[in-house]
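All figures in this text were calculated on a predicted structure; none of them were measured in a lab.
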Amino acid sequence: SAEIERSYDELADLRAREAALRERQRIAADLHDDLGARLLSLAHASSQADDQGRLASMARQALDEMRLSVRGLLSEPLHASDVLADWRSESVQRLAAAGFTVDWHAHGPDVEVLLPARTQVQLTRVLRESLSNVIRHSGGRHCRVGIAVDAAGVSLSVEDDGRGFDPGLAAAGGI
């Protein structure tokens with residue numbers, strides 16, 4: 001009877017995981033099909049508007065964020081080397097478009113490490129926000145991005161040659 005009870009518990013756990021996966025897939029499909037289509041239409045329509053650059057940029061950013069969220073819901077773990085290549089491409093492109101020179105340093109693991117999709121999504125958001133802060137607030141012209149991945153984790157640093165801030169104000173909640 002203990003074996004039957006254990007099997008029943010395993011079956012119940014499997015059914016719960018399958019139901020959660022189906023719900024994540026449904027949410028991802030809804031986001032992709034409904035919101036994604038509307039954002040894409042907005043991006044295309046805004047390219048005809050007077051303030052076309054700003055509207056199109058906002059729509060594309062929203063579309064990229066939606067795609068990133070869907071990827072976090074559905075994707076399997078990704079090879080760290082693939083993730084690093086994607087991050088480099090996006091980062092260098094964004095910084096160069098904002099007039100920054102870029103110094104990119106990425107150190108991948110000696111053996112291939114898989115990054116869970118949720119980890120990749122969250123780190124992508126952290127990197128994007130860091131670069132946005134450099135572009136908006138630093139007043140600099142050069143940015144150095146350093147990323148190291150190994151079996152123990154991921155290390156990310158973003159530095160610029162801008163005006164900086166007073167660390168004392170940051171610690172006191174003044175920034």
Got a sec, which residues hit side-chain contact (heavy atoms from CB on, under 4.5 Å) with [X], two or more places apart in sequence or on another chain?
X   : value
Q93 : none
A85 : none
R22 : E18, A19, Q25

(message) Please enumerate all residues that pass side chain to side chain donor-acceptor pair (under 3.5 Å) together with E90, with sequence neighbours excluded.
(response)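 Listed in chain order: R128.
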(request) Could you tell me which residues satisfy side chain to side chain donor-acceptor pair (under 3.5 Å) with T119, sequence neighbours excluded, listed by chain and number? (result)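 Testing T119 for side chain to side chain donor-acceptor pair (under 3.5 Å), a comparison that skips the adjacent residues, returns none.
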(request) Hey, could you give me each pair passing side-chain hydrogen bond (donor to acceptor under 3.5 Å, both in side chains) that has a residue in residues 3-13? Not counting sequence neighbours. (result)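 Residue pairs passing side-chain hydrogen bond (donor to acceptor under 3.5 Å, both in side chains), neighbours aside: E3-R6, D13-R17.
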(request) May I have all residue pairs that pass side-chain hydrogen bond (donor to acceptor under 3.5 Å, both in side chains) and include part of residues 130-143, sequence neighbours excluded? (result)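 For residues 130-143, and leaving out neighbouring residues, the side-chain hydrogen bond (donor to acceptor under 3.5 Å, both in side chains) pairs sorted by first residue read R94-S132, T101-H142.
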Nearest non-hydrogen partners of [X] and [Y], listed with the distance:
X    : Y    : answer
D161 : G140 : OD1-CA, 3.2 Å
W104 : W87  : CH2-C, 3.7 Å
E112 : A80  : OE2-N, 3.1 Å

I want to check something: taking the side chain as every heavy atom from C-beta on, are [X] and [Y] in contact at a cut-off of under 4.5 Å?
X    : Y    : value
Q122 : V126 : no
V102 : S91  : no
F100 : L131 : no

(request) Return each pair, listed once, that meets salt bridge (charged side-chain N to carboxylate O under 4.0 Å, His left out) where at least one residue sits in residues 95-108; pairs must be two or more places apart or across chains. (result)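 Of all non-adjacent pairs touching residues 95-108, none passes salt bridge (charged side-chain N to carboxylate O under 4.0 Å, His left out).
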(message) Just verifying a value: how many Å separate L127 CG and D86 CG, rounded to the nearest 0.5 Å?
(response)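 So the CG of L127 and the CG of D86 are separated by 11.5 Å.
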(request) Before giving the answer on side chain to side chain contact (heavy atoms under 4.5 Å, CB included), spell out for Q120 and T124 the whole-Å C-alpha distance, their side-chain angles and the decisive distance to 0.1 Å. (result) CA-CA 6 Å; Q120 183 222 348; T124 298; 4.1 Å; yes
(message) Are there over 12 heavy-atom neighbours, none belonging to I4, within less than 6.0 Å of that residue's CD1?
(response)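 Atom CD1 in I4 is not crowded, with 12 or fewer foreign heavy atoms closer than 6.0 Å.
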Please tabulate, for the side chains in residues 145-157, all donor-acceptor contacts under 3.5 angstrom to protein atoms that are two or more places apart in sequence or on a different chain.
from	atom 1	to	atom 2	distance (Å)
D150	OD1	A152	N	2.7
D150	OD1	G153	N	3.0

